[in-house]
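Below is one structure; the comments refer to it alone.
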Amino acid sequence: MHSTKPILIIIVLLLTKSIFSQEFTIEHIDDIYQSERYRNMIRYEDKIIAVGERGIQLLTNNEDGNLIVLDDLPIYGFTGTYNSSAVASFEIIGSHLFFYSFEIIDFLYNPTLYKVLIENNSLTIIDSIYLPAFRNCGLLAVNNHLFVSNRETNSLFVYEPENMTVVAEYDLQLFFHIYLPSRLQKITNQYVYSKDSNNSSLWHIYDVNDVCNIQEIGQIDFNTSFPDVQIGFHKMIDDTTFCMCSSEMYTFFNISDILNWELLSSIDLSDSPAMESLEIVNNNKMVIPLLECVVNLYDISDLTNPYECSSTSFDCFFNLDGGVVLDNFYYRVDNGNGIHQFEIENDEIEYIGQYPQFNEADNILLNENILAVQTRFSTGTHFYNASSVNNIEYVTTHFEGYFTNDGDIENNLLAMPLANNNPDVFIDIYDITDIENIELVNRIEDVYAEEVYLEYPYLYTRESILMSYDYHFVKYDISEPFAPQIVYDYYLGFESRNGNFKYSDYYYYQNDESIVILGNLEGNYPEITETIEIEDLAFFWGSNNRDYLYLYKFDGNDFTSGEVYSLENPLEPEFMFEFPPNYSNLAGGIHDDLYFQGAFTVDVYNIENGYNEPIYTFEMPYSTSRRYFLEEDNEDYILISGATGISLYKYDYENVFTDENICPNSYSLTNHPNPFNPSAAGAGRSPSTTIS
C-alpha cells in the first residue's frame with residue numbers, strides 16, 4: 001500500500017474574515033412506485049385504517065372500490081426496511097387510535113404506546129408514553145378504557161384514554177387465570193373472557209362494567225357444553241351473536257344470556273380450511289377468507305341455516321389475518337402483495353384487483369433510459385422509461401413467476417439471476433432495446449447467483465449452491481450466444497455473505513473480521529491484492545454505485561460505530577466520517593458535498609463538516625434504504641427508495657463564501673486511524689473536525 005505522511009493538526013491563519021452561508025432546498029417531484037407490506041387493518045366509520053411498512057395509513061374508496069390514501073403517518077422503524085419494529089396491536093376509542101409499537105433505536109428496544117387523533121381525513125399523534133419492560137404487549141378497548149397487557153410480567157394495566165393515566169392494575173395470570181401464550185379477549189363492551197391456564201376449553205367470563213372492580217361472573221366449559229365445537233378465534237356478528245372461527249368449522253351462538261350460550265349452527269370447512277376470520281356485509285352476508293387464495297360469500301340472514309352463495313379465487317403470496325368491508329366492497333390483507341379488493345353485488349363476490357398496483361420492491365437497476373424495479377417473491381420486475389427524469393413512466397413487467405436476485409444493466413443488455421419453485425436456477429441475458437419485447441440472447445444454466453455484474457463480454461457473479469452460504473466469485477465469457485464459458489471460479493468461503501461488492505477492477509468481500517480485496521479481475525484468475533484486518537467488524541456494503549464503502553463495528557454487546565470511506569483510491573479507502581450505528585443510519589447516500597442519511601427522517605449533511613448538525617431534514621412517508629443521484633439540464637435529482645416506495649426529488653444546494661475584514665481563523669483536522677492504511681494515521685476528516 002502507498003505510504004502517506006500523517007497529518008495530525010493543521011492550523012491555518014487567514015487574514016480575511018470568511019462568512020459562510022449555505023442554502024438547501026428540495027422539491028418532491030413524483031412517487032414513481034408504491035407497494036406495501038400490510039399487517040392488518042380495521043374500519044373507522046366510512047374509512048379504513050391500515051398498518052404496514054409505510055406506517056399507518058388512513059384510506060377511503062371510490063365508487064369503483066379502488067382505495068385512496070387520505071393520510072400517511074410514518075413511524076420511525078415502524079415495520080420498516082430493517083424490520084426495526086412491529087405493531088403488537090391497535091384499537092379505536094371514539095375518534096382516537098391507540099397502538100403499541102416496540103421500535104428499535106440505536107439497536108435498543110423502545111416500547112411505546114401512541115395516541116392518534118383521527119380528524120378531517122388526517123392522522124395526528126397527540127400523545128405517547130414509554131412502556132418499560134413491555135416486550136409482549138396486547139391492547140384491548142373495552143368500556144371506553146384501554147387494557148394494556150404485558151404477558152412477560154403477567155400484568156394488566158387499565159388506562160383512562162383521555163389523559164393516558166393508569167386507573168387500575170391486575171395480575172394477568174392470577175386474577176384472570178390466564179396462561180402466558182393466551183390473552184384477555186373482548187366479547188362485548190361489558191364482557192371479556194380468558195382461557196384457563198390449565199384447560200384452554202374452559203373460559204372465564206368477566207364483567208368489566210366497572211374497570212376498577214372487575215368481577216368474574218361465571219365459566220363456560222366447551223368440553224362439557226359443546227363437545228363438538230372446535231375452539232379458535234372469535235368474531236361478534238352483532239350484539240348478541242358470537243361466531244367461533246377455527247380453520248375447519250365456523251360455529252354460531254346466541255349469547256344474549258352471557259352465561260347460557262345457545263348453539264345456532266355450524267359451517268363445515270374441513271375440505272377447504274379457512275383463515276379464522278370473517279367480515280359482515282349489510283348484516284345479512286358474511287365473507288370468509290380461505291387459506292388457498294379463495295374467498296367465500298355466505299348468506300347469514302337466517303343464522304340457523306347459513307349457506308354459501310358464491311366464491312372467487314385470486315393470486316396471493318401470503319395469507320395473513322386482516323379484512324374490512326366498506327360499502328359493498330371487501331378488502332383483505334396479503335402481506336407482500338398489498339390489499340386485495342373484492343366487490344359484492346347481490347349474491348356474488350368478485351375479485352377486482354390489488355392495491356397498490358405493485359408488490360414490494362427489492363432492488364433497483366438504473367441506467368440512462370431504463371429504471372427496473374425488482375420485486376420480492378415471484379411477482380416480476382417492473383420496467384420504466386427513464387429517458388426524462390421529470391417524466392418516468394411505467395412500461396411493462398417481466399419475469400413474473402420467478403424469484404429474481406440482484407441483476408445488472410449495461411447499455412441495452414440486462415443480466416438477471418432467476419429461480420422458480422422447481423427449482424430451476426439460471427442467469428438470463430437479454431437485449432432490452434425494446435423494453436416491451438425483450439429478447440433472450442444468452443443463458444447460463446444451473447447457476448444460483450445472488451448478484452451479477454455485467455461488463456460485456458464478461459459477466460461476474462457471486463453464486464452458491466441453492467440455499468447455502470458457501471460462496472464463489474465466478475467470471476464468465478458471454479460473447480458467444482448460448483455458449484457461456486467459465487473464465488475462473490474463485491472460492492470465497494462461508495463468511496463472505498456479510499459484505500460483497502465489485503468496484504472498478506476489484507472485488508471486496510468479508511472474511512470474519514477482515515475485508516479482502518481481490519484484484520486482477522480482468523485476467524484469467526484473480527488474486528488477493530489486500531487483506532485489511534478491522535477489529536470488531538460486523539458487516540460492510542458499497543453505496544452510490546459502490547463509490548463509497550460503509551462499515552459497521554460490533555464489540556460483542558453493541559454496535560459501536562458506523563464509518564464511511566471514499567473509494568477514489570480502491571486499494572486505500574479514505575476515511576470520511578463516522579456516524580451513529582442505528583437502524584435508520586443504514587440508509588445513506590453521498591453526492592458532491594452532501595450526505596443524505598436516514599430511513600424515515602432523512603438528514604442532509606455537508607460532508608466538509610463531518611457528521612455534525614444537518615443542514616436540512618425532511619420526512620419520508622415510508623422507510624427508505626437507498627439513494628440514486630441523477631442529473632438533467634444542470635439540475636440535481638435524488639431517487640429515494642425502500643421496499644414500499646420510490647420517490648423522486650429535485651434539490652438545490654449553494655455554498656457561499658464572502659470575504660470581509662481581516663480576522664484570524666483556525667481550521668483543525670483531528671486524527672483518525674484508517675484501517676485501510678495504518679501508515680496514514682491522519683488520512684481523512686474526523687467526525688470531530690472543528691471549524692472556527
>> How about CG on Asp633, more than 12 heavy atoms from neighbouring residues, nucleotides or ligands closer than 6.0 Å, or not?
In response: no
task: Walk me through it: do Ile607 and Leu594 pass the test side-chain contact (heavy atoms from CB on, under 4.5 Å)?
output: CA-CA 6 Å; Ile607 294 176; Leu594 300 177; 5.9 Å; no
Practice item. Please confirm whether Tyr605 and Tyr616 have ring centers closer than 6.0 angstrom. Key: no
When every non-hydrogen atom of Pro481 is compared with those of Ser479, the smallest separation belongs to CD-O, 3.6 Å
Query - Whether His591 and Phe629 hold their rings parallel, tilted or perpendicular, with breakpoints at 30° and 60° - result: parallel
**Item:** Check: Asn442 side chain, Phe482 main-chain N or O, donor-acceptor pair, under 3.5 Å
**Value:** yes
Checklist entry - Which of parallel (below 30°), tilted (30 to 60°) and perpendicular (above 60°) describes Tyr552 and Trp541? => result tilted
Hey, what's the ring geometry for Tyr649 with His28, parallel, tilted or perpendicular (30° and 60° as the breaks)?
-> tilted
* Asked: Quick one: does Phe403's side chain get under 4.5 Å of Asn420's, heavy atoms only?
  -> no
>> If you apply the rule side chain to side chain donor-acceptor pair (under 3.5 Å), what do you find for Thr379 with Asn359, and how did you get there?
In response: CA-CA 7 Å; Thr379 52; Asn359 313 112; 3.1 Å; yes
In terms of heavy-atom contacts, Leu648 and Val389 come closest through CD2-O, 3.1 Å
Is a side-chain N or O of Asn569 found less than 3.5 angstrom from the main chain of Leu571, in a donor-acceptor match?
yes
**Asked** Do the side chain of Asp31 and the main chain of Tyr33 share a donor and acceptor less than 3.5 angstrom apart?
**Response** no
Flag side-chain contact, heavy atom, 4.5 Å: Met620 against Val602
yes
Practice problem: Assess the pair Tyr503 and Tyr548: is the distance between their ring centroids shorter than 6.0 Å? | Solution: no
In terms of heavy-atom contacts, Thr404 and Gln374 come closest through OG1-NE2, 3.1 Å
Query - Asn390 and Ile29, any side-chain heavy atoms less than 4.5 Å apart - result: yes
**Prompt:** Are the ring centres of Tyr637 and Tyr628 closer than 6.0 Å?
**Reply:** no
One should read off an interatomic distance between Leu70 CG and Lys47 NZ, to the nearest 0.5 angstrom, of 6.5 Å
Indicate whether the side chain of Tyr622 and that of Ser647 have a donor and an acceptor atom separated by less than 3.5 Å. yes
Which label fits Phe473 and Tyr488: parallel for a plane angle under 30°, tilted from 30 to 60°, or perpendicular past 60°? tilted
When every non-hydrogen atom of Ala361 is compared with those of Gly642, the smallest separation belongs to CB-O, 3.8 Å
Tyr430 vs Leu413, test: side-chain contact (heavy atoms from CB on, under 4.5 Å). Steps then yes/no.
CA-CA 6 Å; Tyr430 291 86; Leu413 286 181; over 6 Å; no
Partner of Asn500 under side chain to side chain donor-acceptor pair (under 3.5 Å), picked from Tyr471, Tyr507, Tyr508, is Tyr507
- Query: Is a side-chain N or O of Asp652 found less than 3.5 angstrom from the main chain of Thr25, in a donor-acceptor match?
  - Reply: no
### Message
Assess the residue pair Ile118 and Leu58 against the criterion (side-chain contact (heavy atoms from CB on, under 4.5 Å)); give the C-alpha distance rounded to whole Å, side-chain angles, the decisive distance to 0.1 Å, and a yes or no.
### Response
CA-CA 9 Å; Ile118 313 166; Leu58 184 66; 4.3 Å; yes
Is any side-chain heavy atom of Phe426 closer than 4.5 Å to a side-chain heavy atom of Asp428?
yes
Quiz item: Hey, are Lys502 and Glu451 close enough for a salt bridge, meaning a charged N less than 4.0 Å from a carboxylate O?
Solution: no
Interatomic distance, CD1@Ile444 vs OG1@Thr461, rounded to 0.5 Å, equals 7.0 Å
Tell me if the centroids of the rings in His340 and Tyr351 come within less than 6.0 Å of each other. yes
Using the rule given for side chain to side chain donor-acceptor pair (under 3.5 Å), can you reason through Glu568 versus Ser566, listing the C-alpha separation, both sets of side-chain angles and the distance that settles it, and then say yes or no? CA-CA 6 Å; Glu568 185 174 352; Ser566 168; 4.5 Å; no
> Hey, does Ile427 have a side-chain heavy atom less than 4.5 Å from the side chain of Val452?
Replying inline: yes
Quick one: does Leu59's side chain get under 4.5 Å of Asn61's, heavy atoms only? no
So CD1 of Ile370 and CG of Leu414: to nearest 0.5 Å the spacing works out to 8.0 Å
- prompt: Short question: side chain of Gln341, backbone of Leu67 - any donor-acceptor pair under 3.5 Å?
  reply: yes
Inset, instruction - Please check if the side chain of Lys475 supplies one atom and the backbone of Leu521 the other of a donor-acceptor pair under 3.5 Å. - result: yes
Going through the distances and angles, do Asn120 and Ser122 end up as a side chain to side chain donor-acceptor pair (under 3.5 Å)?
-> CA-CA 5 Å; Asn120 298 327; Ser122 66; 5.8 Å; no
- Query: With no hydrogens and no angle check, is any side-chain donor or acceptor of Ser623 less than 3.5 Å from a backbone partner on Ala599?
  - Reply: no
For Tyr550 and Ser543 the tightest heavy-atom approach is CE1-CB, 3.8 Å
**Asked** Are any side-chain N or O atoms of His382 and backbone N or O atoms of Val395, one a donor and one an acceptor, separated by less than 3.5 Å?
**Response** no
Test of ring centre spacing under 6.0 Å for Tyr394 and Phe383:
no
>> Less than 4.5 Å apart, side chain to side chain, heavy atoms only: is that true for His472 and Tyr490?
In response: no
Quiz item: Is it true that a side-chain atom of Asp64 and a backbone atom of Asn66 form a donor plus acceptor pair closer than 3.5 Å?
Solution: no
- Just by distance, with hydrogens left out, do Tyr402 and Glu400 show a side-chain donor and acceptor under 3.5 Å apart? no
Nearest heavy-atom approach of Asn405 to Glu450 is CB-O, 3.4 Å
Please check if atom CZ in Phe399 has more than 12 non-hydrogen atoms from other residues, nucleotides or ligands closer than 6.0 Å.
yes
Compute the centroid of each ring, for Tyr453 and then for Tyr460, and state whether the two points are separated by less than 6.0 Å. no
Review point. Which word best sums up how the rings of Phe24 and Tyr653 line up, parallel for under 30°, tilted for 30 to 60°, or perpendicular for over 60°?
Key: tilted
Exercise for review: In sequence, state the C-alpha distance, the side-chain angles, and the governing distance for Thr617 and Asp603, and then conclude on side chain to side chain donor-acceptor pair (under 3.5 Å).
Suggested key: CA-CA 5 Å; Thr617 296; Asp603 294 319; 2.7 Å; yes
Taken to the nearest 0.5 Å, the spacing of Phe99 CZ from Leu73 CG works out to 6.0 Å
### Donor-acceptor pair between Asp72 and Gln57 side chains, under 3.5 angstrom
yes
*Can you find a heavy atom in the side chain of Ile478 that is under 4.5 Å from one in the side chain of Leu454?*
yes
ring-ring contact (aromatic ring centres under 6.0 Å, His included) with Phe342: of Phe329, Phe314, Tyr331, only one passes, and it is Phe314
Rounded to the nearest 0.5 Å, the CG atom of Asp30 sits from the CD1 atom of Ile32 at a distance of 4.5 Å
Here the gap from Thr397 atom OG1 to Glu436 atom CD, rounded to the nearest 0.5 Å, amounts to 11.0 Å
